[in-house]
Protein chains: 2
Amino acid sequence: MSHMAYACLMAVDPDHVLRSAAALLTRKSTATMDEVAKAAGISRATLHRHFAGRDALVRALETLCIAECKAALDAARLDEGTASEAVRRLVGAAEPAAGLLAFLYTENQLFEGEEQNAGWSLIDDRISALFRRGQLSGEFRIDLTPAWLTEALYGLIASGAWMVRSGKGAPKDFQHMIVELLLGGALRREES
Amino acid sequence: MSHMAYACLMAVDPDHVLRSAAALLTRKSTATMDEVAKAAGISRATLHRHFAGRDALVRALETLCIAECKAALDAARLDEGTASEAVRRLVGAAEPAAGLLAFLYTENQLFEGEEQNAGWSLIDDRISALFRRGQLSGEFRIDLTPAWLTEALYGLIASGAWMVRSGKGAPKDFQHMIVELLLGGALRREES
DNA sequence: CCCGCATGAGACATTCATGTCTCATATGGC
DNA sequence: GCCATATGAGACATGAATGTCTCATGCGGG
């Protein structure tokens with residue numbers, strides 16, 4: 001039942017399982033392995049055959065999210081055009097990963113351990129470099145550090161995902177909400 | 001040890017327990033009741049006498065946080081001066097509660113239930129009203145809804161608390177980081 | 001001085017998620 | 001058509017955190 005994606009194959013598609021898990025955990029972050037399995041349309045035993053445990057599952061989701069973020073970074077072509085345009089493209093490209101990002105953002109278990117996935121540093125660095133580029137070009141103010149702008153971007157993406165998920169905001173406004181606030185701020189600008 | 005508030009009394013100070021729990025859970029959100037008790041310098045049995053369970057403890061922390069937020073709202077005198085100044089005062093006044101706020105922000109268990117503490121709506125309303133006042137006075141742009149600005153403020157406070165806690169930002173920059181980004185944005189302004 | 005009461009320590013049962021196992025089944029390739 | 005293999009279903013053990021209990025202790029008030 002469930003899906004026809006593997007109608008002619010017995011093997012479970014691990015990617016499909018990950019997507020289902022992401023969609024479920026985004027809504028209910030405390031879901032058990034049983035619920036994750038049901039959401040993916042497989043048995044708990046099979047789920048456990050593919051992912052050794054909940055920890056491994058979350059790690060796999062982390063890897064998936066890192067890959068999606070990297071893809072978003074690539075798709076956004078951060079080096080082209082003004083830094084503002086690049087930020088706008090980045091937020092737009094990151095929207096599909098926003099829910100998963102918000103989930104992992106609150107999964108502080110990932111950061112309490114001794115080692116965290118090195119992939120995040122690479123992503124942080126690329127985003128920080130973008131903000132630094134904007135500062136060097138005189139486009140961005142320099143009293144806000146690139147590290148803070150990066151962290152704030154994460155926070156705003158998580159808040160935006162939360163707004164959309166709770167129905168208090170429309171998905172079509174996601175990019176505009178975040179980019180306008182992050183770049184322009186709440187103050188009304190004189191120069192229209 | 002710890003406090004002298006009840007040096008001559010046997011009774012445990014529930015407020016002191018809550019403060020300790022907040023300080024611990026802010027650092028390690030997965031701490032057990034045992035760890036919370038040890039952090040407060042009491043036994044698990046006594047902790048359980050005051051707070052029926054972990055759920056009750058989190059609810060009490062929620063109530064405490066709501067009270068602190070209300071106090072911050074009052075102290076910020078949102079109706080006085082420009083909306084910008086009020087926002088600045090609000091963020092400054094909210095800093096002591098930022099850590100606890102960030103913890104509760106990630107405690108999605110609070111929002112998955114059927115009912116959430118009504119206190120939050122009151123706080124949301126007051127903050128939204130502040131942003132709306134700024135919009136009506138022409139101070140804030142109107143293409144960003146008060147609801148989004150409110151949500152973004154929560155997100156930025158959480159991100160700021162995380163920056164400070166991880167050592168990537170100085171506590172003295174907390175207010176400036178958040179207010180400048182929330183109001184002014186990352187773009188450099190022409191009019192200095 | 002003695003009683004009351006809150007606490008600390010610890011034992012104990014319970015619950016829940018997890019991890020592991022076996023076995024029957026159905027599919028797909030050969 | 002047969003066999004290898006992956007799956008589903010379920011039983012089972014495990015571990016951790018929780019909730020509840022009893023009992024001894026120690027301080028403070030009367």
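In the text below, chain A, chain B and the rest are named by the order of the sequence lines, each starting its count at 1. Since the structure is predicted, the reported quantities are computational estimates derived from the model, not experimental observations.
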- Note on the structure: To the nearest angstrom, the CZ-P distance between A/R44 and D/dC12 comes to 14 Å
- Between A/M33 and B/S43, whichever has its closest DNA chain C nucleotide further toward 5' is B/S43
- Query: What is the distance from CD1 of A/I42 to P of D/dG10, rounded to the nearest Å?
  - Reply: 16 Å
- Does the side chain of A/H50 get closer than 4.0 angstrom to OP1 or OP2 of D/dT7 through an N or O atom? yes
- Salt-bridge contact A/D79-A/R126 (side-chain N to carboxylate O under 4.0 Å): no
- Is a salt bridge present between A/R188 and B/E139, judged by a nitrogen-to-oxygen distance below 4.0 Å? no
- Taking the side chain of A/A45 as its heavy atoms from C-beta onward, which of D/dC21, D/dT18, D/dG10 lies nearest to it? D/dG10
- Query: A/D13 has an atom CG; how far is it from atom C1' of D/dT7, in whole Å?
  - Reply: 15 Å
- Query: Once you round to the nearest 0.5 Å, how far does CD1 of A/I127 lie from CG of A/L78?
  - Reply: 8.0 Å
- Item | Shortest side-chain distance from B/T32, nucleotide among D/dT20, C/dG8, D/dA17 | D/dA17
- Message: Please classify the nucleic acid contact of B/R54 as base, sugar-phosphate, or nothing, using heavy-atom distances under 4.0 Å.
- Response: sugar-phosphate
- What's the CG-P distance between B/D34 and C/dA9, to the nearest Å? 11 Å
- Message: For C/dT7 and B/T46 - does any side-chain N or O of the residue sit under 4.0 Å from the phosphate oxygens OP1/OP2?
- Response: no
- Task: Let me know which of B/Y154, B/W148, B/Y105 forms a side-chain hydrogen bond (donor to acceptor under 3.5 Å, both in side chains) with A/S159.
- Result: B/Y105
- Does the base of D/dG8 carry an N or O that pairs as donor and acceptor with the side chain of A/R49 under 3.5 Å? yes
